[in-house]
Amino acid sequence: MPELPEVEITVRGLAPVLEGQRLASVVMRRADLRYPFPADLGQRLTGATVTGLGRRAKYGLIHTDREDTLVFHLGMSGRWRVDPSEADKHDHLLIETGAGRVAALNDPRRFGFVDLVRTDALAAYPPFAAIGPEPLGEALSARHLYDAFDGRSAPVKALLLDQRVVAGLGNIYVCEALHMARIAPNRAGGRIALPRLERLVDAIRDVLAAAIAAGGSTIRDYAQPDGELGYFAKQWRVYGREGQPCGCGATVKRRAEGGRSTFWCPVCQRG
DNA sequence: ATGTCCACCTGCTGGC
DNA sequence: TGCCAGCAGGTGGACA
């Protein structure tokens, strides 16, 4: 589910529930997700006060006054449910605040994980160390992509999915951004001229901003923490639209490679 | 180093 | 109705 916009929406949804609140209880309903929960997660979080929330790439950050940050990744099917009306068997981690609010980390496929990291050492946290620039900030530029793509023969789509090149993009938004920029997904990254990369950077920023504004893309199990759906799926131009018309009238195509699907318009995205 | 495929896990859908 | 194949937002390890 969750690419940058969905994680951003998740963090924004958790903030009013957790920020400034003392954590009254932390319950792990199983020992692990993709990785084991930190053994001392409960002790280190219980009684701590949440000082703020943040996001890096597709990782959510819950900072506490004990100089620990809870880092979470939602994998493919993770989401946080706020004040769930009934329990679900995939609620794996439950956090209750002193005010009696509950945040439940729900993840049927368990590809997500949580970790506890010293806040002052976040930059050196191994998963963050090599992550590329945030696409919504100044650090992402056409020049950055040009340098990152230099000499690479891999399809531009694969390069954009590499979190070391740009942070936070996944299969949906890469397909959408490439369509907006009119670049063929299988084009070798190293053979795209700078002006087209300018277009690509604009497209990445535009599609992510629009998705955040719409509350993310709801597919299957994704929802915002308050249960509201994300409506960006209605704005997909190519993703999930195999056989349907592109805005130009041509038919959207799909190709599966390495277990993932790429959607594109063969007319709009020629080169 | 680079590119490609696969496993990890559960749930849902569509075809027979 | 049941069963089975195929598919799904991510990541990282194993290959050639």
Side-chain angles (χ1 to χ4, degrees), chain A residues 1-11 29-36 55-60 71-80 88-92 105-115 125-132 135 147-178 185-191 204 207-208 211-212 214-225 229-236 238-243 254-263:
Chain A
M1 163 250 331
E3 304 181 32
L4 184 154
E6 291 75 31
V7 178
E8 181 66 27
I9 291 294
T10 296
V11 163
R29 306 277 310 286
R30 55 177 297 124
D32 59 70
L33 293 177
R34 176 174 184 161
Y35 308 122
R55 179 191 58 73
R56 175 75 172 108
K58 300 172 191 171
Y59 297 82
V71 177
F72 65 84
H73 194 290
L74 298 174
M76 289 279 263
S77 59
R79 64 184 169 119
W80 282 93
D88 182 275
K89 67 174 173 174
H90 299 301
D91 289 342
H92 305 306
L105 178 60
N106 184 283
D107 186 358
R109 293 176 75 180
R110 305 202 304 273
F111 289 167
F113 68 89
V114 301
D115 205 353
Y125 181 51
F128 291 4
I131 288 181
D147 292 342
F149 291 177
D150 186 36
R152 306 288 297 272
S153 63
V156 58
K157 189 206 173 197
L159 296 175
L160 290 175
L161 286 172
D162 183 342
Q163 301 297 294
R164 295 169 299 185
V165 172
V166 198
L169 296 178
N171 206 28
I172 294 175
Y173 298 107
V174 164
C175 289
E176 292 297 303
L178 287 170
N186 63 349
R187 176 86 181 177
R191 298 205 289 136
I204 289 169
V207 74
L208 294 177
I212 291 170
S217 297
T218 287
I219 320 177
R220 284 174 286 282
D221 32 29
Y222 172 76
Q224 300 183 47
L229 302 179
Y231 293 101
F232 191 70
K234 295 183 192 309
Q235 296 179 48
W236 290 342
V238 287
Y239 187 84
R241 299 194 63 247
E242 179 188 18
R254 169 164 110 60
R255 177 174 57 225
E257 307 141 296
R260 320 210 68 189
S261 289
T262 298
F263 298 88

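Side chains included, hydrogens not; waters and symmetry mates left out as well; all remaining heavy atoms used. Letters A, B, ... mirror the listed sequences (proteins, then strands); counts begin at 1.
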Practice item. Look at all strands and tell whether F113(A) reaches a base, only sugar-phosphate, or nothing, counting heavy atoms closer than 4.0 Å. Key: nothing
Practice item. Indicate, with a heavy-atom threshold strictly under 4.0 Å, whether R254(A) touches base, sugar-phosphate, or nothing. Key: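 The residue R254(A) makes sugar-phosphate contact but no base contact.
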Check your understanding: Taking everything shown except R29(A) itself, do over 12 heavy atoms lie less than 6.0 Å from its CZ?
Key ->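 No, not enclosed.
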Exercise for review: Check the surroundings of atom CZ in R255(A): do more than 12 heavy atoms from other residues, nucleotides or ligands lie under 6.0 Å from it?
Suggested key: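 Enclosed: over 12 neighbouring heavy atoms sit under 6.0 Å from CZ of R255(A).
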Would one find a side-chain N or O of [X] under 4.0 angstrom from OP1 or OP2 of [N]?
| X | N | answer |
| --- | --- | --- |
| S77(A) | dC9(B) | no |
| R260(A) | dG10(C) | yes |
| H90(A) | dC9(B) | no |
| H73(A) | dT11(C) | yes |
| S261(A) | dC7(C) | no |
| Q163(A) | dG10(C) | no |

Review point. When you compare dG6(C) with dC6(B), how far apart are their C1' atoms, in angstrom units rounded to a whole number?
Key: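 My reading of the C1' atoms in dG6(C) and dC6(B) gives 16 Å.
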Point to revise | Whole-Å P distance, dC5(B) and dC7(C) | key: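 So the two P atoms sit 15 Å from each other.
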For atom [atom1] of [X] and atom [atom2] of [N], their distance in whole Å:
| X | N | atom1 | atom2 | result |
| --- | --- | --- | --- | --- |
| R255(A) | dT4(B) | CZ | C1' | 14 Å |
| E257(A) | dC6(B) | CD | C1' | 15 Å |
| M76(A) | dC12(B) | CE | P | 15 Å |
| H92(A) | dC8(B) | NE2 | C1' | 14 Å |
| D88(A) | dG11(B) | CG | P | 9 Å |
| D107(A) | dG10(C) | CG | P | 13 Å |
| L74(A) | dC8(B) | CG | C1' | 17 Å |
| L33(A) | dG12(C) | CG | P | 15 Å |

Check your understanding: Does some side-chain heavy atom of R34(A) sit less than 4.5 Å from a side-chain heavy atom of H73(A)?
Key -> no
Review point. Is there a side-chain contact between V207(A) and F232(A) (heavy atoms, below 4.5 Å)?
Key: yes
**Study point:** Stacking check F111(A) vs dC8(B) (5.5 Å / 30 deg)
**Key:** yes
Review point. Which residues satisfy the salt bridge (Lys or Arg N to Asp or Glu O under 4.0 Å) test with D115(A), sequence neighbours excluded?
Key: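 Residues passing salt bridge (Lys or Arg N to Asp or Glu O under 4.0 Å) with D115(A): none at all.
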Practice item. Between K89(A) and R34(A), name the one whose nearest nucleotide on DNA chain B is closer to the 5' end. Key: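 Comparing both residues, the 5'-ward one is R34(A).
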**Study point:** Spacing of CZ belonging to R55(A) relative to OG1 belonging to T10(A), to within rounding of 0.5 Å
**Key:**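 One gets 11.0 Å once the value is rounded to the nearest 0.5 Å.
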Check your understanding: If you measure from CG on L105(A) to CG on L33(A), what distance do you get to the nearest 0.5 Å?
Key -> 6.0 Å
Point to revise | Minimum-distance nucleotide to P155(A) side chain [options: dC7(C), dG3(B), dT4(B)] | key: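 Between dC7(C), dG3(B), dT4(B), the one nearest the side chain of P155(A) would be dT4(B).
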Check your understanding: Between the base of dA8(C) and the side chain of R109(A), is there a donor-acceptor distance below 3.5 Å?
Key ->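 Yes, a donor-acceptor pair under 3.5 Å.
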Check your understanding: If you look at every heavy atom in P155(A) and P185(A), which pair is closest and at what distance?
Key ->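 Result for this residue pair: CB-O, 3.4 Å.
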**Study point:** Where DNA chain C forms stems, i.e. three or more consecutive Watson-Crick or G-U pairs with both distances under 3.5 Å
**Key:** B:2-8 with C:10-16, B:10-16 with C:2-8
